[in-house]
Engineer: 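Sharing a structure below in structure tokens format, with a few things to ask.
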Amino acid sequence: MANNKSITLKNITKQYGSTVTALNDVSFTILPNEFKVIMGQSGSGKSTFLQITGLLDSATTGKVIINGSNTESLSKNELAKIRMKTLGFVFQSFHLNPNMRAYENVMMPMFINPEFTSKSQMEKRAKELIDRVGLSERSTHYPGELSGGEQQRVAIARSLANDPDFILADEPTGNLDSQNEKSVFDLLKQLSTEGKGVLVVSHNDLAKEYADTLYTMKDGVLKEG
Ligand SMILES: Nc1ncnc2c1ncn2[C@@H]1O[C@H](COP(=O)(O)OP(=O)(O)OP(=O)(O)O)[C@@H](O)[C@H]1O
Ligand SMILES: [Mg+2]
């Protein structure tokens, strides 16, 4: 079973203190090639859901199973390894290092991956990924010299650094104009057709047009449709 690629959440709840139930009995599965979108109002629990799915936060109760491993009993190191090999993250505010060139930002996650044994190997892959997201002309630019849409494409290239099975994107078009919204969703969709499982949480109605499966989060409850 260990090689079956999937992320499964079983009966996840997340409580903050004794009053806030951010997630209420959420179950969910995503497989490679799928593009799943979760819509929901501010405060409905979308980011909490994505953080728990991405092993960046832990649930109060319930299980997160990634590629067949129940992550409940894993050490911090083992969780970090799963994150590195299996998951790519994309955030609303890009989270690029302003002091690094575009391709250097893309190299960053490779430094913790023992499969890369030389800097030139990392550089080569980073530049290929920059090409892949259509930014070959901008490879050596700094984030401050790139438009928002270009910065997000660099962040998507970075999410691909260690060839993850899944991409988790939290409001990836939140800081973009409508033309760039489309180019970012087009790119994420393309990656899903090439084999990545892509999970997007968003307010953006445009996301619905890309979803294979659409969900709505309301008060911590996830429903299909
Ligand atoms: N660290 C925390 N401590 C206490 N409450 C929190 C914490 N993080 C989130 N919450 C609460 O959990 C609920 C869900 O928050 P979450 O950030 O997941 O919402 P969201 O759907 O991502 O909202 P937005 O669309 O504004 O990003 C909200 O009521 C929020 O106030
Ligand atoms: Mg959020």
Side-chain angles (χ1 to χ4, degrees), residues 7-30 34-66 71-72 76 79-80 82-83 86-96 143 148-149 151-156 158-159 164 166-178 180-182 184-185 187-189 191-192 196-225:
I7 304 178
T8 297
L9 278 69
K10 285 193 178 161
N11 307 107
I12 294 289
T13 62
K14 179 68 173 179
Q15 300 269 150
Y16 289 113
S18 56
T19 49
V20 180
T21 301
L23 296 175
N24 185 355
D25 198 21
V26 170
S27 294
F28 174 84
T29 295
I30 184 164
E34 290 184 328
F35 192 105
K36 293 196 161 186
V37 173
I38 298 178
M39 311 278 299
Q41 289 181 349
S42 183
S44 60
K46 303 182 301 298
S47 294
T48 304
F49 173 83
L50 209 70
Q51 298 275 321
I52 289 173
T53 305
L55 308 179
L56 296 169
D57 195 359
S58 55
T60 306
T61 61
K63 289 184 184 10
V64 180
I65 299 160
I66 298 194
T71 59
E72 216 170 14
K76 276 193 170 168
L79 293 175
I82 292 184
R83 273 200 304 274
T86 316
L87 307 171
F89 294 92
V90 178
F91 300 97
Q92 174 169 356
S93 50
F94 322 133
H95 291 193
L96 298 176
Q151 289 184 60
Q152 193 60 302
R153 284 190 282 159
V154 173
I156 292 171
R158 180 184 55 190
S159 80
F166 298 95
I167 297 173
L168 308 181
D170 192 345
E171 209 68 75
T173 59
N175 287 350
L176 303 180
D177 63 29
S178 60
N180 281 307
E181 282 172 356
K182 188 170 179 317
V184 162
F185 282 132
L187 177 56
L188 290 171
K189 183 75 179 183
L191 292 169
S192 81
K196 307 291 181 204
V198 177
L199 172 58
V200 174
V201 306
S202 183
H203 288 114
N204 190 334
D205 278 342
L206 184 61
K208 292 182 189 170
E209 294 174 25
Y210 290 82
D212 302 326
T213 316
L214 180 67
Y215 299 81
T216 308
M217 183 77 81
K218 193 176 173 205
D219 299 332
V221 176
L222 187 71
K223 288 214 168 87
E224 202 172 321

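We count ligands from 1, going down the list as the structure has it; atoms in each ligand are counted the same way.
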Engineer: Taking atom types as modelled, find out whether Thr61 and Thr13 have a side-chain donor-acceptor pair closer than 3.5 angstrom.
Structural biologist: yes
Engineer: Of the protein's non-hydrogen atoms, which lies at the shortest distance from atom 9 (C) of ligand 1, and what is that distance?
Structural biologist: Tyr16 CE1, 3.5 Å
Engineer: Under 6.0 Å from the six-membered ring centre of Tyr210 and within 45° of its axis: does the NZ or CZ of Lys189 meet both?
Structural biologist: no
Engineer: Could you check if a side-chain atom of Leu222 sits within less than 4.5 angstrom of a side-chain atom of Leu9, using non-hydrogen atoms only?
Structural biologist: no
Engineer: Are the side chains of Leu191 and Ile156 in contact, using a 4.5 Å heavy-atom criterion?
Structural biologist: yes
Engineer: Please say whether Gly43 places an N or O atom under 3.5 Å from an N or O atom belonging to ligand 1.
Structural biologist: yes
Engineer: Checking contacts now, so for atom 20 (P) of ligand 1, which I'm interested in, is there any protein heavy atom under 4.0 Å?
Structural biologist: yes
Engineer: Test side chain to side chain contact (heavy atoms under 4.5 Å, CB included) on Thr173 and Phe185; report intermediate values, then the result.
Structural biologist: CA-CA 8 Å; Thr173 59; Phe185 282 132; 3.7 Å; yes
Engineer: Who's the nearest protein heavy-atom neighbour of atom 12 (O) of ligand 1, and how far?
Structural biologist: Ala22 CB, 3.5 Å
Engineer: May I ask you to identify the nearest protein heavy atom to atom 25 (O) of ligand 1, giving residue, atom name and distance to one decimal place in Å?
Structural biologist: Lys46 NZ, 2.7 Å
Engineer: For residues 9-26, pull every pair meeting salt bridge (Lys or Arg N to Asp or Glu O under 4.0 Å), keeping only residues two or more places apart or in separate chains.
Structural biologist: Lys14-Asp57
Engineer: Would you say that Phe35 contacts Leu188 through its side chain, given a criterion of any heavy-atom pair below 4.5 Å between the two side chains?
Structural biologist: yes
Engineer: Distance below 4.0 Å between atom 30 (C) of ligand 1 and any protein heavy atom?
Structural biologist: no
Engineer: Using distance alone, decide if ligand 1 has a nitrogen or oxygen within less than 3.5 Å of any nitrogen or oxygen in Gly40.
Structural biologist: no
Engineer: What protein heavy atom sits nearest atom 26 (O) of ligand 1, and how far off is it?
Structural biologist: Ser42 OG, 2.5 Å
Engineer: Going by the side chain to side chain donor-acceptor pair (under 3.5 Å) test, which pairs reach into residues 216-225, not counting sequence neighbours?
Structural biologist: none
Engineer: Kindly state each residue pair satisfying ring-ring contact (aromatic ring centres under 6.0 Å, His included) with at least one member in residues 39-65, sequence neighbours excluded.
Structural biologist: Phe28-Phe49
Engineer: Which atoms from ligand 1 have a heavy atom of Ser47 less than 4.0 Å away?
Structural biologist: 17 (O), 18 (O), 20 (P), 22 (O), 27 (O)
Engineer: Say whether Glu181 and Asn204, considering side chains only, have a donor N or O and an acceptor N or O under 3.5 Å apart.
Structural biologist: yes
Engineer: Heavy-atom contacts with Thr48 under 4.0 Å: which atoms of ligand 1 show up? List them by number with element.
Structural biologist: 14 (C), 15 (O), 16 (P), 18 (O)
Engineer: Measuring from the Mg ion (ligand 2), count protein N/O/S atoms under 2.8 Å, please.
Structural biologist: 1
Engineer: Does the side chain of Leu176 reach to within under 4.5 Å of the side chain of Phe94, using non-hydrogen atoms?
Structural biologist: yes
Engineer: Under 4.0 Å, heavy atoms only, figure out whether ligand 1 is touched by the backbone of His203, its side chain, both or neither.
Structural biologist: side chain
Engineer: Evaluate the side-chain proximity of Thr48 to Gln51: yes if any heavy-atom separation is below 4.5 Å, no if none is.
Structural biologist: no
Engineer: Which ligand 1 atoms, with their elements, are less than 4.0 angstrom from a heavy-atom of Gln41?
Structural biologist: 21 (O)
